[in-house]
**Student:** 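To start, I am sharing the structure in question, which I have written as structure tokens.
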Amino acid sequence: MTVNLYNTDGRRIEPFIPIREGNVGLYCCGPTVYNYAHIGNLRAFMFEDILRRTLEYAGYEVKHIMNITDVGHLTDDGDDGEDKMIKAAREKGMSVWDIAAFFTESFYSDVEKLNIKKPDLYSKATEHIDDMIRMIKTLEEKGFTYLAGGNVYFDSSKFPEYGKMALLDKQDLQHGARVIVDENKKNPQDFVLWFTESKFEKQAMTWDSPWGVGYPGWHIECSAMSCKYLGNHFDIHCGGIDHIPVHHTNEIAQSEAANGEKWVNYWLHNEFLLMKSGKMSKSKGGFLTLQSLIDEGYDPLDYRYFLLGGHYRSQLVFSWESLEASASARKNLIQKIGSLKKSSSPVKSNALGEEARKKLDDFGEHITSDLMTPRCLADLWGLLKDTAIPDGEKLAAAYEMDRVLGLKMETYEIAEESVEIFPEYRALIDERADAKKAKNFARADEIRDIIGDRGYTLVDTPEGTILKKK
RNA sequence: GGCGCCGUACCCAAGCGGCUAAGGGAGUGGAUUGCAAAUCCAUCAUUCAGCGGUUCGAGUCCGCUCGGCGCCUCCA
């Protein structure tokens with residue numbers, strides 16, 4: 001099964017060809033842990049999860065690395081602004097290390113709730129300072145750096161291919177339009193590899209280095225860690241679309257300058273989740289967390305289903321109405337799967353009939369065509385609603401699809417939602433049963449209304465009357 | 001100022017120039033039920049923001065207009 005992916009480097013869909021047959025080295029830009037992840041951040045990790053699951057579905061052995069950025073970054077790329085980690089620590093009255101640890105745990109919890117598979121390794125920036133220093137030294141030895149104002153800068157003019165993936169040469173950038181220009185820079189695109197001096201608050205996290213006590217610039221961690229675990233040349237690197245012009249551009253420059261070879265073959269980027277008012281972002285404040293969805297009564301998998309409904313390279317607007325529609329759809333899915341499970345068990349995958357096989361093939365075709373998850377959901381429904389396919393085959397094929405979709409279908413049971421019947425209702429229910437027997441339907445309906453007003457629906461089943469929460 | 005994306009039914013959202021424009025949600029009709037709930041079946045865009053062009057053929061390509069959004073700054 002060939003996986004076709006849209007490569008930002010080249011801006012076209014290409015068949016994925018691994019460097020080592022049957023294996024994939026996958027590096028994903030992880031979270032910066034100075035705050036809770038918002039649901040827009042989580043979209044990125046969901047996309048990466050679908051990518052990873054798709055590669056596995058196609059038979060690849062995937063080595064998946066994700067960084068945890070637990071070193072503070074300045075609020076901009078120059079030597080300006082405030083360190084976000086310090087800011088958060090001050091605001092919360094915690095140490096920077098505690099802040100990082102707390103939000104890292106929160107992140108782990110979020111992704112687990114969304115049924116996002118754990119990477120083979122979460123690599124923390126603070127545990128790889130030596131690797132970063134080593135890479136900066138290499139860059140220095142090869143003449144790609146200069147010192148200014150106490151900091152080590154990458155000299156982008158020494159790297160002719162700078163900005164190639166991002167097509168920066170095609171853009172007429174407004175340098176300094178919205179940010180103060182760092183006077184130490186020779187070129188606007190240059191960036192700091194190592195800070196020893198910041199004009200602002202004293203850093204809480206510092207390390208010794210050949211250039212003095214300080215801390216790394218924010219691009220170097222991904223280069224150092226990805227090369228350490230995946231080698232100097234690996235298959236796929238992904239992240240949010242916002243990383244293209246600066247972060248990934250700088251990563252490419254420093255990695256390829258240091259190693260003297262091509263670094264990454266495929267670059268994949270997910271589009272943003274938007275609110276009706278526009279982009280959701282940490283720095284703007286007022287963002288939605290997964291917990292806030294849970295607090296509104298939604299299951300994290302409802303959000304997962306919602307995300308599957310849009311393509312990862314398209315902007316997706318979040319609204320409570322859309323989430324509600326996804327929750328309803330997933331509820332119906334649970335009913336459908338649940339009732340199939342009651343009547344049958346999944347057949348062996350090699351026992352699928354022609355029809356079921358066809359549905360599964362369509363699914364495979366769609367998911368490997370640049371992760372067309374909306375199509376895949378349609379394939380799933382098409383399978384479940386096809387009257388020509390036996391139940392056991394439907395279940396088997398649906399479970400197969402769920403290896404990629406990750407909706408935990410095998411755990412679905414039709415919820416016996418009946419609630420405990422309190423004595424006060426028991427009497428009413430008995431009275432209604434008598435009324436029904438006596439064909440006094442007016443009284444029976446009256447009792448339905450009385451109980452309905454208290455938030456319950458009366459449901460008559462062959463085993464008797466039960467209550468359900470409305 | 002530059003780069004780029006989008007505009008498909010009531011809502012969300014697919015749609016590699018060519019069978020009757022996926023799917024979900026909501027709605028509607030029917031079956032079932034004393035009535036409900038759940039379920040099942042059926043139905044739901046002669047039309048793809050507007051105009052013009054290319055083509056045997058366009059939602060899909062090109063141009064313009066209108067409307068929305070992202071990036072050029074830390075950001076998923």
Side-chain angles (χ1 to χ4, degrees), chain A residues 4 11 13 28-32 34 37-48 73-78 80-84 166-180 218 238-247 269-274 276 278-284 305-306 308-319 321-333 335-336 339 362 366 369-370 372-382 385 387 414 417 435-436 439-442 444-445 448-449 452 457-461 466 468 470:
Chain A
N4 295 284
R11 318 274 156 148
I13 292 176
C28 301
C29 280
T32 305
Y34 61 89
H38 59 62
I39 58 174
N41 297 133
L42 294 173
R43 183 184 191 194
F45 307 121
M46 240 300 276
F47 143 66
E48 288 155 0
H73 292 323
L74 299 178
T75 50
D76 73 39
D77 201 43
D80 287 303
E82 188 175 22
D83 184 297
K84 290 184 286 196
L167 308 178
L168 294 186
D169 53 325
K170 275 180 65 180
Q171 302 184 14
D172 183 14
L173 306 183
Q174 279 195 321
H175 296 299
R178 286 193 289 165
V179 67
I180 303 156
W218 93 277
C238 40
I241 194 168
D242 53 308
H243 283 326
I244 296 171
V246 178
H247 183 49
H269 296 94
N270 65 284
E271 253 293 357
F272 279 117
L273 177 81
L274 306 176
K276 290 234 163 80
K279 195 172 91 175
M280 180 181 287
S281 76
K282 282 186 186 177
S283 26
K284 278 184 191 166
Y305 189 99
F306 167 77
L308 290 170
H311 190 257
Y312 79 94
R313 280 193 292 112
S314 296
Q315 293 176 343
L316 184 61
V317 179
F318 176 85
S319 70
E321 295 73 27
S322 296
L323 184 62
E324 180 62 32
S326 295
S328 295
R330 204 178 68 86
K331 189 170 154 242
N332 290 336
L333 183 63
Q335 283 288 341
K336 189 79 199 172
S339 70
D362 287 346
H366 291 140
S369 298
D370 198 34
M372 302 204 308
T373 53
R375 266 289 173 187
C376 292
L377 285 182
D379 293 332
L380 172 66
W381 285 107
K385 292 194 168 180
T387 50
I414 294 178
E417 287 175 87
K436 279 174 64 177
K439 304 260 187 235
N440 182 1
F441 296 123
D445 290 346
R448 175 183 289 289
D449 289 342
T457 304
L458 278 177
V459 181
D460 296 325
T461 73
I466 59 167
K468 281 190 182 179
K470 272 193 176 168

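The figures here come from the full heavy-atom set of this structure, side chains too, leaving out hydrogens, waters and symmetry mates. This structure is a prediction, so every number in the text was calculated from the model and none was measured.
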**Student:** Enumerate all atom pairs, one protein N or O and one N or O from nucleotides 36-40 of chain B, separated by less than 3.5 Å.
**Tutor:**
unit_1: A36(B); atom_1: N1; unit_2: Asp460(A); atom_2: N; d: 3.1
unit_1: A36(B); atom_1: N3; unit_2: Arg448(A); atom_2: NH2; d: 3.2
unit_1: A36(B); atom_1: N3; unit_2: Leu458(A); atom_2: O; d: 3.4

**Student:** Polar pairs (N or O, both sides) under 3.5 Å between protein and nucleotides 18-22 of chain B?
**Tutor:**
unit_1: A22(B); atom_1: O2'; unit_2: Arg375(A); atom_2: NH1; d: 3.4

**Student:** Checking Arg448(A) now: which residues fulfil salt bridge (Lys or Arg N to Asp or Glu O under 4.0 Å) with it, not counting sequence neighbours?
**Tutor:**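 Residues passing salt bridge (Lys or Arg N to Asp or Glu O under 4.0 Å) with Arg448(A): none at all.
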
**Student:** For the backbone of Glu271(A) and the side chain of Arg43(A), can you confirm whether one donor and one acceptor N or O come within less than 3.5 Å of each other?
**Tutor:**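 Yes.
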
**Student:** What string of B, S and - do you get for nucleotides 4-9 of chain B 5' to 3' if you count protein non-hydrogen atoms under 4.0 Å?
**Tutor:** S-----

**Student:** Expressed in angstrom and rounded to an integer, what is the separation of Leu377(A) atom CG from A13(B) atom P?
**Tutor:**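 It is 14 Å, rounded to the nearest whole Å.
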
**Student:** Please list, chain by chain and in numerical order, all residues satisfying ring-ring contact (aromatic ring centres under 6.0 Å, His included) with Phe272(A), sequence neighbours excluded.
**Tutor:**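 Expected list: none.
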
**Student:** Among G34(B), G23(B), C71(B), find the nucleotide with the atom closest to the side chain of Trp381(A).
**Tutor:**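 Comparing G34(B), G23(B), C71(B) against the side chain of Trp381(A), the answer is G23(B).
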
**Student:** Consider the side chain of Asp445(A), meaning its heavy atoms from C-beta on, and name the nucleotide among C72(B), G24(B), C35(B) that approaches it most closely.
**Tutor:**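 Among C72(B), G24(B), C35(B), the one nearest the side chain of Asp445(A) is C35(B).
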
**Student:** Residues two or more places apart in sequence or in another chain: which of them pass side chain to side chain donor-acceptor pair (under 3.5 Å) with Ser322(A)?
**Tutor:**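 Ser322(A): side chain to side chain donor-acceptor pair (under 3.5 Å) contacts with Ser319(A).
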
**Student:** Kindly point out which of G34(B), G25(B), G70(B) is positioned nearest to the side chain of Ala329(A)?
**Tutor:**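 The nucleotide sitting nearest to the side chain is G25(B).
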
**Student:** Using a cut-off of 4.0 Å on non-hydrogen atoms, how would the nucleic acid contact of Gly310(A) be classed: base, sugar-phosphate, or nothing?
**Tutor:**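 The residue Gly310(A) makes sugar-phosphate contact but no base contact.
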
**Student:** Name all residues meeting the ring-ring contact (aromatic ring centres under 6.0 Å, His included) criterion together with His247(A); count only those two or more places apart in sequence or in a different chain, and write none if there are none.
**Tutor:**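 ring-ring contact (aromatic ring centres under 6.0 Å, His included) list for His247(A), sorted by chain: Trp218(A), His219(A), His243(A).
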
**Student:** Near RNA chain B, under 4.0 Å by heavy atom, which residues of residues 321-328 of chain A?
**Tutor:**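 Output list: Ser322(A), Ala325(A), Ser328(A).
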
**Student:** List for me each residue that meets ring-ring contact (aromatic ring centres under 6.0 Å, His included) alongside Phe47(A), sequence neighbours excluded, and say none if there are none.
**Tutor:**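 With sequence neighbours excluded, Phe47(A) shows a ring-ring contact (aromatic ring centres under 6.0 Å, His included) to Tyr312(A), given in chain and number order.
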
**Student:** With Asp445(A), which residues qualify under salt bridge (Lys or Arg N to Asp or Glu O under 4.0 Å), at least two apart?
**Tutor:**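 By the salt bridge (Lys or Arg N to Asp or Glu O under 4.0 Å) rule, Asp445(A) matches no residue at all.
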
**Student:** Considering residues at least two apart in sequence or located in another chain, which fulfil the salt bridge (Lys or Arg N to Asp or Glu O under 4.0 Å) criterion with Asp242(A)?
**Tutor:**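 Not a single residue meets the salt bridge (Lys or Arg N to Asp or Glu O under 4.0 Å) criterion with Asp242(A).
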
**Student:** With pairs defined as Watson-Crick or G-U wobble and both distances under 3.5 angstrom, please note down RNA chain B as a dot-bracket string, | for pairing with another strand.
**Tutor:** ((((((((.[[[..)..(....]]].(((((.......))))).....[[[[[..)....]]]]])))))))....

